[in-house]
Each structure stands twice: as C-alpha cells, then as structure tokens.
Amino acid sequence: MDRKEMMETIGIGFEEDLFEDVPAEVRCHLPLPPGMSERETVAAVESILERNRHMGEAPSFLGAGCYDHYVPAAVDHIVSRSEFYTSYTPYQPEMSQGMLQALFEYQSHICELTAMDAANCSLYDGATALGEAARMCARLNNGELFLAPRAMSREKLSVLRNYLVGTGVGIGLYGWDEDGGLDLDDLGPRLEGEVCGVYAECPNMFGVIDARTDLLRPLTEAPLVMGVNPLTLALCKPPGEMGADIVVGDGQCLGAHPNFGGPGLGIFACRQEHVRRMPGRVIGLTEDSRGQQAFCMTMQTREQHIRRGRATSNICTNVALLAVGAAVHMSLLGRDGLSSLARENVERARRLMDLLSELDNVVSPFFGNHHFNEFLAQMPVRPEKLNRVLAKRGFQGGLPMGPHVPELGDCMLLASTEMHDDATQDAFVAALREVL
Amino acid sequence: MDRKEMMETIGIGFEEDLFEDVPAEVRCHLPLPPGMSERETVAAVESILERNRHMGEAPSFLGAGCYDHYVPAAVDHIVSRSEFYTSYTPYQPEMSQGMLQALFEYQSHICELTAMDAANCSLYDGATALGEAARMCARLNNGELFLAPRAMSREKLSVLRNYLVGTGVGIGLYGWDEDGGLDLDDLGPRLEGEVCGVYAECPNMFGVIDARTDLLRPLTEAPLVMGVNPLTLALCKPPGEMGADIVVGDGQCLGAHPNFGGPGLGIFACRQEHVRRMPGRVIGLTEDSRGQQAFCMTMQTREQHIRRGRATSNICTNVALLAVGAAVHMSLLGRDGLSSLARENVERARRLMDLLSELDNVVSPFFGNHHFNEFLAQMPVRPEKLNRVLAKRGFQGGLPMGPHVPELGDCMLLASTEMHDDATQDAFVAALREVL
Amino acid sequence: MIRRLIMDREQEGGAPDASGLVPPGMERRSLHMPAVPEPELLRHYIALSRANFGTDSGPYPLGSCTMKHNPKYADRLAASPKVTRMHPQMEDDHTQGCLELMSRMEAALCSISGMDAVSLHPAAGAHGEYASMLMVRAYHRSRGEDRDEVIVPDSAHGTNPASAAMAGFKLVEIPSGEDGLVDLSALEAALSGRSAAFMLTNPNTLGLFEKDVREMASMVHDKGALLYYDGANLNAVMGRTSPGAMGFDIVHFNLHKTFATPHGGGGPGSGPVGVRSFLEPFLPVPRVVGDEGCRSLDWSRPQSIGKVGSALGNFPVLMRAYAYILRQGGDGLKEASARAVLNANYLKRRIEGHYEVPFSDPRKHEFVASARALKKGKGVRALDVAKRMIDQGVHPPTIYFPALVEEALMIEPTEDESKESLDRIADVMNAIAEEDPETVLAAPLEGPVGRIDESKAAKDAVLSFRRLRALRDV
Amino acid sequence: MIRRLIMDREQEGGAPDASGLVPPGMERRSLHMPAVPEPELLRHYIALSRANFGTDSGPYPLGSCTMKHNPKYADRLAASPKVTRMHPQMEDDHTQGCLELMSRMEAALCSISGMDAVSLHPAAGAHGEYASMLMVRAYHRSRGEDRDEVIVPDSAHGTNPASAAMAGFKLVEIPSGEDGLVDLSALEAALSGRSAAFMLTNPNTLGLFEKDVREMASMVHDKGALLYYDGANLNAVMGRTSPGAMGFDIVHFNLHKTFATPHGGGGPGSGPVGVRSFLEPFLPVPRVVGDEGCRSLDWSRPQSIGKVGSALGNFPVLMRAYAYILRQGGDGLKEASARAVLNANYLKRRIEGHYEVPFSDPRKHEFVASARALKKGKGVRALDVAKRMIDQGVHPPTIYFPALVEEALMIEPTEDESKESLDRIADVMNAIAEEDPETVLAAPLEGPVGRIDESKAAKDAVLSFRRLRALRDV
Ligand SMILES: Cc1ncc(COP(=O)(O)O)c(C=O)c1O
Ligand SMILES: Cc1ncc(COP(=O)(O)O)c(C=O)c1O
C-alpha cells in the first residue's frame, strides 16, 4: 500500500524501474537459499555453535594476549544499551554526548593507568596499535629500523611488518636474557644504529614483568613505545614514569569477552606533545554555546575523512563499544578492585607454576622471574602433541611456542586467571601427570 | 568517611545506636556464611542450575497451561530495559507514562483478542485469575454454587477452592462428553440450581477447542466466565462474541518463558458494565494539565491500598513486566503472525497425534475433536511409569492425567508447539515405540 | 500520549484463516491487531521505556516499597535456558537444579527469619498473606476451633486487612498509640477466643520498631491466636533480630523488596511464607523433599491448604534472590540493614527542618514526614510536593500512607543511596518547602507531561483501545 | 557535561599493594581510579546512554554509513558462551563450531559478491582496504612488477586514499565527470604501467550507479592493474548485480553496514575481503580449510600477506552477519536492496522542492542533496540544517561529503524506515528550509546541550582527565 504510494510519488510504475541504470551485462542472481523465521535462524546458528567446546566446558590455559576474565554483568548491561550499540561514530556531538563522555572517560582511565597525557578512543586491537605506533615513530623520527623484541607472537610480528610496509622502515629484533627479560647486551649495540623507534613489552610474551624496561629511556633518544597489559598496570610502575612516548596494548582484559579472539581493544596513548601525530579518533573536552562543558571528536584533520591520503592512519570504524565497556569495568573496580584482580592473577599463575614444577619432567617456570598471569613451562613432549592429548581429556593446554619462537619449541605458554579455581588447576595438573 | 559525617549529622557515635530500640531479648545472629564475589556467586548458582535438563536438552511434551514457545528476542530486549524492570507500580503517573502506556496497550490487545471492553493489567497467573473471577461472580450475583468443569488440573481446582473460601460459595463440577467437550446433559440440570457463576474453557484441559462453549450463554443468566488460551483466540471465535461476562486465562504463551512454571500472566477481562467490580490494577486513559492524552492507574478505590478490607481483591504486586512483554509480542506478530503461529501449533499437535495413532497400543487422540496444541493419548502402561522410562532416554513425556482426572489415569496429555520440528517428534515417537 | 498507540494503526484487510483448524462455526471472523515491523516496534517500546523512571534512573525513595538496586548478575543468571526452558511438571530427573535451589532458598529464608519451614509458592507479598490466612484458618479448624477474627493495627498495609477479609475473616482494627506503636491495651481489648491472628509489621509502616513485640506475642498466644509477621520491612533488621526471635508464628517475605529482585513496574514479585514447625503441615503442596541429588516434590500432605497459584513459585525471582543472599552472605545482609537504617535516619535529619516528622527516634529503614504545616501555611499538600519532586528527577515518596499521619510522605531511601544522593533528595525536598506555592501547585512543569487528571480517568473508565474506538464511533 | 566525570571523584588514600608481586622497584606508587558502587555506576552510564542517539532511538539517515536496524536475535546468539568463551588458539577439536560458521560465512559472501575466496580477518572496512592494498602489492611483486600508483576518484571515501597511501602507494586522484560518474577519459589518462589498482565504489558515494563499470574493468585490466570494489554501498545492489559480475578483482564488505551488525558507536565492525581465485594465495593466514566436522586452520600459504590483525576476524560480528544472511535468504537480501533504493528515491523526491539534488535519477540507496541555495539565500549551511534536525529528533545526514557537492547533505535512509518515518524526515528537512535563519543558525535549541565548539576542542587538545587536572593545577 505504502509502497504503491511511494512509487507514485517517485513517478515509476515498477520497482524494477529504479534499477534501469544497472546494465544488463552486469546483472546476476543471488544464489542463496530462501530466508527463515527468527526462530529457525536462531536454531540454525545455535546448532553450528553447539560444536564448540568453550572454556567453561574444557578449561583452557591459553592466554597470549587474549584472556578469560570474569566480565561483570554491569559491563554487559551497559554495552547492551540500545542507545549505545545502535549508534554510529559520534559525528554530531550534540546528539551523542553520552557516547562521547563515555569515550572520554575511557581515554581518561587509560591515561591514569599508563601515566600518559593523551589516549585515543581505540584501535582495532593490540597488534594494530603496535603497528600504528611504529608508523607514528616513523612520523616523529628518522631512522631505518624499528627495534622490537624477538619474543613476539607470529601474529603480532606479522601485523607489525605489514603496518610498516609503506614507511620504508625495517624491523630489528633483539633477544632475551636467561631470566626472560630483555637482553640489554643485545639491544645496546643496536641502539647505536639509525633507530626509528624502540618497542619493549612488560609483561612480555613470556608473561615476565620485565624490570629492565625501566632502564631503556636513558639508552636512546628515539621514540620509546611500551607494550602493556593494562591489568598489570594496577600493580606495576606505569610507562609514563619510565619515559615512554607511546603506550600500546590490548584492553580485551578490561571487561570484554575472549570471543574467539576478536574484537580486541587496541589501546594507544602518548605524551601531550605528540597528540597531533596520533592515529585514530580522539575525544576532546570543549564547551557548548551555553558555556557548558561538553565533548566532541577532535583533531579530525589528522584523519582519513579530512586528510585522506595524508592522514595519520586509515582507520575509521574502531572498537568504541569495547572502550565503553572498559570504562565501565575500570569505574566499577576502581584502583582497589583492579589491583586485587591483578594480584589474584599473579597468584593464580604462581600456584599453577608451583604445581607444574612438581612434575618431574616439566621445567616450570622456564624463566626464573616475576610473572603476571602466564609463564613458560618446558615440556618433555612436543607441546602441539600434548595439546591434542589434553583435548581428548577435556582440557585446552597452553600455547605451543614453536610457531612463534622456534628455539623455545619445547615450551608452552600457560596462562591462568581468576576464572580457574584450585580444583580446575589441580585437575589439569593431574591430567598432565597422567599423560606425561 | 561519608558514614562518619552522616553519623555526626544524626548525632550518634556508633551505628549500633540506631538499633537501641531493638530490645536485647529479641536480638539474634544471622547464621549464614560470609558473602562472595560476583564471579563466585554466578559460578555457585550456575553449578546448581547445571543439574537441570532443560527442554532444549530433553525435548518435552508437557503443556497443561505452561508452554514452550519461541520468545522473540525483541520481547526480551524490551523487558530488559532498565527503566521498565527497575520501576515500581506506577503510582506517580507523570513519571511513569512509558509503563502506563505499555500496560494500556496490553489491556487493549487483550480486549481485542477476547472481544471484551476492559481488561486489568495482570493477575498472578491463570489459576488465580479464575479464582478472582469466581469471587467477582460472587460480588455480581447471589447463588450457592460456582460451576466449573471436572476436567481441570488439580492445581487450578485447588486454587479455585482456596479463592472461594471467604465467599461461602461452593463449587459444582460438571463432566465431559465422549468427544471431550463439555457435557450439556450434565451441566443443564445443574444450571437449574442457585448458580453464582459458570466457568467453561476453550480449549479445555484436554486441549479440545470446544464448540459447545458457544451454546452456554442462552442457558443461564448467571455470570459466564470463559477460560481461554490467548493464542487460540487468533483462530477462534472470541468469548466476547459468545456472551462471556468475564474472560480469564494465562498469557505466558505470549512472549514469556516457561521459567519452571512461574511467573504466569493472569489475564482478566470483562464487560464494561462490570469494570468497577473487577479485581486488580487497571490503567485508564485521561488527560494532563496541558490537555494531552495521558494514562494513569484508575478506579483505585476498588483496591486494597484504599479500600483495605473491602477491596475487590488483596492483590498489590502483579506481573506487569510480563504484560509489557505480551504487548510487545502481540504488536510484533500482529493478527497474521499470531494466527499463523496458532495454525502451526494446531498442525504440530495433529502431526504428533497422527504419529502416535500409528502405534498399535496407543489411542491417539483419545477424543475425536478439534485440538489446539495438546491432546490426550491413552497409553498401554501407566503414564507415570512411562515418563520415568522416557526420562532415561532423554525425553520428557506428557502430563499423566491420573492426579487430575483419576478416571483418565491411563491417559497422558501431550503438547507440541512450534519448538518441535519433525525430527524431534519422530525421535520421541521412535523412543515410545521402543519402550511400549 | 508519548507515542501513538500501536492499536491506532491501520491494518490490511482480511481475517485469520482458521478453516479446518477449529470446529465449524468457531472460526474467528476478524481481529484488529496491526503487526509492527521490528525496527519500528523497538523504537516505540524503547521510547516508552525512556518515559519511565526506575531505580536505575535515579533516587526512588518510595516508602514501604524498598526500591533497592537490582544487581545485574541476576539478569545474566535468569537468562540461562537452565531457568527459562524448565517446565514445572517435568520428571525429577530433569529438575534437580531447580529443586536444589529451592531447597537451599528455603533453608536460607529459615535462617534469616528464624522460622522452621518455608514455602516459596506465593507470587507476591499479598499472596503470601493470603496463603497464611488460609493456613491460620486450617490450623484453628484442625483444632476444632472456628475463630473468625483477625486483628490489624490501623497502620497496617492495605493488603493485610484485604487478605484477611478475602479469607473470610472479620477484621478488628486497633488504633495506634500516641507513640505510633501498637497500643497494648487496645490489643488486649481486641483479643478474645474469636481471635484467629494478629497481623503485625515490625518495624511498622512508620519505620518504628515495635519494642513490645514479645509482650504482644505472649498476649496473642495466651489467647490461642497466632502472630503474623508482614515481612515487607525485613530490610531494616536483618542480622539484628528475626521474626522467630520476636515470637512470630508465620511470616511472609517480599523478595522484591528485601532481596533485591526487580519489581518490574508492578511485578512479578515473590512472597514466600515461613512458619513454625507446628504449622508446617498446612503449607501449600507440593513440598520439596529429599536430599541433594535426589530431591522430589511431595503432594501427600493431608492437612495442606493445597495450592494458592498454579506454579511452585516464581522461580526466576527465587533464583535472583538466592543469588543475592549468596553474594551478600550473613555479614552483607546485616550491613545492608545497617546502612538502610543509617540512610533513613540521616535523610530524616536532613529534612526535618522543613517537614514535621512525628514520633521519636531512632527510625529503622524508613520514616514518615508530614506536609501538614505546608498545607496549612501555603496550601501545598503532600501530593504537590511529590509532583514537584518529579521535576527534579527524584521519585517522590509514598504519599498519604500510613493514614494516621496527615499529609504523609513516607520515605525509604534503602542502603543503596550514597550520601551524595541522600543530600540531593534532601536539598530537593527542602527547596520545595521554601518554593513559592504557585510553582509547586502547578508541578510537574518540566518533562513530557503535566499533572495528570486522575479523576477524569476514573470517571471515563476507558481501559482499552476497543472502548476508546467505541466512544469515538458514537 | 551530562554527568560529572567518574574520574572527578575523590578516592580514599593509599596505593595498590604490589609488594612481592612485581620486581622490586617496579611497584606502582599511586593510581587515581575511584571505584563506583554498582548502583551509582549503572545510573551514571545509563544516563550517558540516554544522552546518545542510535537507530533504536529514531531515524538515522547517515549517508555512507548504512544505519540499518540491528535485529535482536543476534544479541541473543552473541551472548552464548559458545561465542564469548572461545579462544582463538584452541585446538581444532574445541572450535569446530567457530570454524564451521566462518567457512559458511565465507561461502555466503562469495555467493553475494561473485568472488572466489573470502577472508574474514579484517576488523573494519578500512582494514579490509589495507589488507587488499597489501595483496595488490604482493600480487604485482609476485609477477616481478613494482607498480606504485593507485587511482581513486575524487568521490572516493577518505579511507580509500588513506589505505593506499599507508601501503606505500602513490595516489592518483581523478575528477568525476559532469554526471557525477567516473570520467572514462580521465581514467584512461591516469592508467599506466605504474598503475597497481583502481579503487571504485559502485554505486558511488553520490548514490549513482557507475554504469560503465565493465568498460572500466577492461581498461584497468588491459593495463595490468587490478580493480578494487569498496563494498560500503553493497546494500544498494544485492540480488541485481555483484562485484564479480561487474568485473572487480578484490572487494571489501562492511558487515556493519550491509549485514545489519551494530556499529557500536564507532565499532567493532568487520571488513572481510573477497578476491578472484588468482589472488587467493595472497589472502591473510590462517585460512579455514577442511570439510564439515574436521575443519582446521592452515598457515602454510607462502604467498600470503600474513596477518593484518591478531584475530581471525571479529567473530561475534561475523556470527551476527551470518545469522542475518540466513534470516533474509537470497530473496530477503534482494528485497532489502530494493526497498533501500525505493526509500532513497522516495525521500529524494519528497525533499527536492526544498533542496537541490544534483545529478540525474534514479539513485540507488542514497543521494546527496545540497544546501547551496540556502547558504546563498539565507546563510544557512548544511551544518546548520544538520544541527536543527537534531532538535526534531532526526539524526542529520552525513555532511560535507562527498566534497564535489557543495554544502553536501548525504542521505541514506536504508530499507528499515517506513513511509511514515520517511515523511517525517522530509517534513523536518523541508520545514527547516523554510524556517527563519536565526533559529536554524542557533540550533540545537532543545536538548541538554547547545551547539558545540569544535575548534576550541582542537585548540585545547584536552584528551583526558589527567590533562584537565594538570591544566587546573597550573
Ligand atoms: C508493608 C507491606 N505489606 C505488604 C505488601 C504487599 O506486598 P506485595 O506488593 O508483594 O503483594 C506491601 C507492598 O507494598 C507492603 O509495603
Ligand atoms: C564508502 C566507504 N568506504 C569505506 C568505509 C570505511 O569502512 P570502516 O568504517 O568499516 O572502516 C566507509 C565507512 O564509512 C565508507 O562509507
């Protein structure tokens, strides 16, 4: 009925007339089955998902950048508010003060955690945040090489390489020491070269809280990029106090579910002097015509929709909703909640390493150092094989290091969080004892 | 900190001072364990619930007033809106227009479905709605007996008895005919007596869409109460066109989950002339001081908070949120969606009765009549025993009739809805074939 | 109205096609029920939700109603198919989770109340009262006594007399004393061999603790009657005293008050009842029996009153309340009560310069202020104060209840309000007391609707679109 | 601001206790992060949500952004632990559900786009563009060619040139013809042996279908370059044509546009890429391989560009989009496109009495109007029109893009708006065109905030409370 009236208004007789500009030679059909009811759709998707075994069904000791933490129900409640999740990027600030303030709060929380002045309101994930940081170093500084730890996941290293493709900057990898911290003897001489930027992680890929990151600043004038786990920062000296120029990390651990790895929450913070070279969207404080404090997206001239080919990044859609979730999470926990959660994670990992160290043929932890919630353990069998055996017993073991750091191919990166109780850890170690 | 300031303002030194009026002889301790974190709480409750086997895990053929229908996600979304579910009864209409309008829409939908003029905004469930209807008959009419079908669940009959306790009215039960419809030969003579009200159901307890309810009105001048399944009304002549004075039923099938039986949604509708004798809260249309149409609770002088001991009912808290859900459900489906859902239910039940009729020793359906989504089948073994065997095979059989209508103790009331696909029905019948 | 009514839309012609599906002649011929596509539907109901105020929106100090925060972990639990897709008549094999939870919940409520047995069946407080009155009746009858009177104080909540009357009892109302408490001599005078029960709320609806409760218990018991506890105000005293310790025989709980379950804009709630062991045989059937892992439902209770509703209780509400009890623990519940009382006394102190608050300190979880002076002085009634509060985004208190305080404003902030929030409530109320009366009388001034004409609604009695259409057509 | 910042609260003294947990000297000494109790927290963030506008709030015809309704069944599915509690590095035994869904989703996107292979990895459209540019580079290198130019029309979305530049390409921008379409001679002139790819959006950002697309494809391919499809506008043509049928080699999809997944106030989105078979070796690793029931992840693709993000894609977004595709089916997707186009053309017709709408009919899913005449006539710019629309509860269109239309208002109503809603948008826009300029220039007048000073924000660059505090302390 409506449709007919609309066609009359437009002045067409058939809907097809609206497609007269699509030439015959490009016409084609859509070879998909007919639609389903809502009920059938839900049943069909559920029957596929049914084949998964999730971490509640098969306890998992995987971490490596994606962690199984408890997500407070309040966080899910807020990010499920229709007004938030059905909105677009807040191009019209007068209609989007809620999202803008929530994102400003996120930026503020990230700045407090990292002790930096400025943060953007998210990038895709921790790996692309590192990529963007490296690209920003290339904007801030000359130099041929971006120095990064060799102890990096193949995923992160590959992303870093891909993000540097257009800059002409290469990657130099430095090693680790016998305690799993960064190897200053290896790094030192490299710093003599034409360095574009230096990247160091704490905790690093081995889960080590690396005190040596605090020694870096005096060693170089190149921009210093620090990679963090934001939860660790509730206990640890922040990068801002260690002289970092840029801080990156993944904030999935702040109130987002693992979700098969994506979306992550790319954290990106920097010093005030660098803000105009930052990638990504930023929310700034300002005023409205009535003199009230208000928020809007700002410094958009850095961005692709204004600066196009000369933008600081191509990013447009980011992961704002996860940033809102992180803001809620941090506001709910606060300093004390966050630090006791962090403590619990350290203690969980410690307990697991202690249990494993009792197994004759396992070296746990492989590195004698402070760990956050994960650590390497050396196994008497190939970790890949071990994981297959454990899967049959209803467990998901840790990450085999081989594909990432081949010389540690007999090691597994095991993570434990507050989601593991003693019984779960004990059962896992018992299963390991049986199969090793 | 705040606490200290507050105590100073009050002028007390210790929190305990606020309890000085609680005499020592009534003091006691609370013998409960200490609290838990949110995460622990969720895990603890989940580990209890884990022991359930729900209808998705063990397909169920139970109905009898509580049905497994698909709940559109939009319904859950709306009733999860914080503004709705964290509010109280809308005592302050200016602050609660949203809830009031939603409830008015619910009342309107119910009136359309039943073809009645007025509905209240919910009672606890279908059984108490019947109880209240019987009590209302006692207000509208003299007479010693409230006539009701003997084919009623023990639950409903017991509630009815309990709700008539204070009125002095007794219950007269009439029988059913060989086709499962109401027995006019039995009912007719009873109508000669001092009848306070008459109750008839369509569909009745046997799932029969009973054409004979349409013959009742000319037979009596006593108030006529009709019990309905609101979903059936999308196909069936409404009580308002059959001369009903009061309509009751349970609206759980309109967008509420089974939830182990409660909350139900007590539907209560009546003719305009009776509105001031109704139980429960009602929302009325009115105007605000600016002349805009608006809503408020109305005719509160019938209610306990004003009329106290002489109120039409003691009900205070009802099930408003389910009424909102039902309004959303009916608005989403509309006439065509609701009637095709109803059709699907008729067809599901038909298919199941046909499949069962192929089993040698099963009489299915037991009554040759039109059924909605449930029907009786006569079994060669005691239904109670059969259900135990079926449970071991991962099925939940139908409702054994014995406890409700002893002479049908070899029958089972089996329900099927759109949630059963062919494969589920087939598997159930195959399991039956094996065990019978 | 906020948005045009859904019913007020056009619908394409046609009737449901029922042929062959229902007996001939029983086909539905027409049904006015327009379908709304999901995008529009969502906008409509979300807009309605936005025109509604809940505890998640702001302060909601509605006395007697205990509008606590509804914690969100409970929503997560309630969404599980292990809750939603359970049928009450399933085989015990399938329902061990539900039965276990109910059994533990009964035990927890026994601990909290000091009672010996609990039934979770009643769907709300008033429903619990009614179940209890049926038990009172059955109990006396079982002893061959036909007691037909129930005594209630004039400060009782309306459901108390309504429930007793519904169960066929004659009401004997006793006036409160000067101090707002039960007048023992009035009680004495009311008690007789016809007395079936005395219904008491403690702390009472004025927020005052009935300190003579043990004495009243003796008086009532001496006369062979039962003492009934309206548990709506239990939030005041957890961990300090209990109905059991006070000498009550029957108690109802309001899980949607004391135990933080949502009130849903009117319900569903849950109103379990607890009794001393001598009354256990009368509790509704079926009862959850058996040990962990092999629980079942027992119907064979010959003295039981039977059923008060079709279900075994509002399970998701029970589950939410149980989760809340676990989360708080004994200490947490005690602390919740302490903080609720602190908040009420603080707020009382903050407003008593501007409003009379009759009766003496301390209060428990709520208090009743009076706008009597305002009314006398400037013609501003409790109702007007309430409407003006709406403009400030604070939900008004309960008004005109209990009736023994003139122009009553019954205020219950609960333990969840921060000092900042309490100060805001106080500032708002105090400012209104000082405001010019014209403004207050015209309130609400902000917001989408002005003051609503409740008497027109009652006069017109338009309760459905169907009725509205009929009137339009005239 | 809508509510005081959380950070702007006091916090009790003290530092996190990190002793023994981190290496000596690495302990955190202070952290300003006030904890907010859940009741207050909820009120705070719910109040913020209420100060935000989404498609569930009202019409959101934001051109290029395709603000479709986000169906709620997808939320239900996404809440399952079978989604939320999956780790990307689990053994295949545990992840068959995820892998199966991804495999089916790849197949569905192949069907829709007419491409031979799809990677679901990219996290958004721009990310898909970047992955594609890396593949373009890798492809040419694999053939020993070092092509360094990418051609984009001036009407292209900003991410196109940005992505190409980020991948190290030189940009060659070609102006649009008089008719708003690619000028074939300009393209011819731009193409050379250095051309790596031509990036095209079809329908383009003016909502016009590039009818010469097949000819462009030949021209591009003749020069050995690749033709890239920006799929942001795919919602216009599903079931009528496909990038494959049009001759494209690479395409990115925006699942958060065409496939109804929520945009989340900025993201997460999802930007899968599809390619013809000769480009498949270059797709990101790992690839989902194997048959139903024994799917796994394959990393051994020597020519692959590697990874563009750490994940295998934004799984919940993929899952939502897959559910949407199932629900709609082929016919439903075609109908969605048809209705989107009908809606755009209707709305265009309804406003063109008040706004110029350059270029010829028909439009596809969106169109670009101009406020040029208004600006000349009364000094009312596109920006002012937008701000005044806010007062009427309609989200403004995209403004000042594409740049080749002066004072551009880029309008995309999507298929979800009813005629009633389109009429409302039109009425609002038309009324603004007739309104007195002072009112329009002063807008927004209603609502909690007035017009916001964006240049002050840029000047001050206060991006955190920390910075604000530092400035306050000065
Ligand atoms: C003191 C008191 N008793 C009883 C009730 C009745 O409880 P319900 O509303 O759950 O039926 C209430 C409810 O407001 C109450 O405040
Ligand atoms: C035409 C066009 N291309 C590309 C993009 C970039 O997509 P995304 O925001 O998903 O990165 C957009 C987004 O607005 C767009 O409209």
A.B. asks: Backbone N or O of C:Lys456 within a donor-acceptor pair of the C:Asp453 side chain at under 3.5 Å?
C.D. replies: yes
A.B. asks: At a heavy-atom separation under 4.5 Å, does B:Arg81 approach chain C through its side chain, its backbone, both, or neither?
C.D. replies: side chain
A.B. asks: Is it the side chain or the backbone of B:Val22 that comes within 4.5 Å of chain C heavy atoms, both, or neither?
C.D. replies: both
A.B. asks: Under the side chain to side chain contact (heavy atoms under 4.5 Å, CB included) test, which residues partner C:Thr84, sequence neighbours left out?
C.D. replies: B:His257, B:Asn259, C:Pro81
A.B. asks: Using a strict cut-off of less than 4.0 Å between a Lys/Arg side-chain nitrogen and an Asp/Glu carboxylate oxygen, indicate whether B:Arg281 and B:Glu303 qualify as a salt bridge.
C.D. replies: yes
A.B. asks: Tell me, for B:Asp125 versus chain C, whether the close heavy atoms (under 4.5 Å) come from the side chain, the backbone, both or neither.
C.D. replies: side chain
A.B. asks: Checking heavy atoms, do the side chain of B:Asp76, its backbone, both or neither come under 4.5 Å from chain C?
C.D. replies: neither
A.B. asks: Hey, which of B:Ser339, B:Pro258, B:Gly284 has the most heavy atom pairs under 4.5 Å with chain C?
C.D. replies: B:Pro258
A.B. asks: Over 60° means perpendicular and under 30° means parallel, so classify the ring planes of C:Phe401 and C:His157, tilted if in between.
C.D. replies: perpendicular
A.B. asks: Check whether B:Arg161 gets within reach of chain C through its side chain, its backbone, both or neither, counting any heavy atom under 4.5 Å.
C.D. replies: neither
A.B. asks: Just by distance, do the side chain of C:Arg3 and the backbone of B:Gln101 share a donor-acceptor pair under 3.5 Å?
C.D. replies: no
A.B. asks: Identify which part of B:Ser158 has an atom lying under 4.5 Å from any heavy atom of chain C, answering side chain, backbone, both or neither.
C.D. replies: both
A.B. asks: Is chain C contacted by the side chain of B:Ile283, its backbone, both, or neither, given a heavy-atom distance below 4.5 Å?
C.D. replies: backbone
A.B. asks: Which atoms of B:Ile306 come close to chain C, meaning under 4.5 Å heavy atom to heavy atom: side chain ones, backbone ones, both, or neither?
C.D. replies: neither
A.B. asks: Flag the one option from B:Thr286, B:Thr86, B:Asp250 with the top tally of heavy-atom pairs under 4.5 Å to chain C.
C.D. replies: B:Thr86
A.B. asks: Using non-hydrogen atoms only, which part of B:Asp68 is less than 4.5 Å away from chain C: side chain, backbone, both, or neither?
C.D. replies: side chain
A.B. asks: Looking at C:Met67, C:Arg29, C:Arg350, which makes the most heavy-atom pairs under 4.5 Å with chain B?
C.D. replies: C:Met67
A.B. asks: Both conditions, 6.0 Å and 45 degrees, for the charged tip of C:Lys364 above the ring of B:Phe19: are they met here?
C.D. replies: yes
A.B. asks: Can you tell which part of B:Asp336 gets under 4.5 Å to a heavy atom of chain C, answering side chain, backbone, both or neither?
C.D. replies: neither
A.B. asks: How would you list, by chain and number, every residue that makes a side chain to side chain contact (heavy atoms under 4.5 Å, CB included) with C:Asp331, sequence neighbours excluded?
C.D. replies: none
A.B. asks: Return the option, out of C:Ser80, C:Ala386, C:Gly14, with the maximum number of heavy-atom pairs under 4.5 Å with chain B.
C.D. replies: C:Gly14
A.B. asks: Heavy-atom pairs under 4.5 Å with chain C: which of B:Val346, B:Thr128, B:Leu332 has the most?
C.D. replies: B:Leu332
A.B. asks: Between B:Arg388 and C:Asp93, is there a salt bridge with N-O shorter than 4.0 Å?
C.D. replies: no
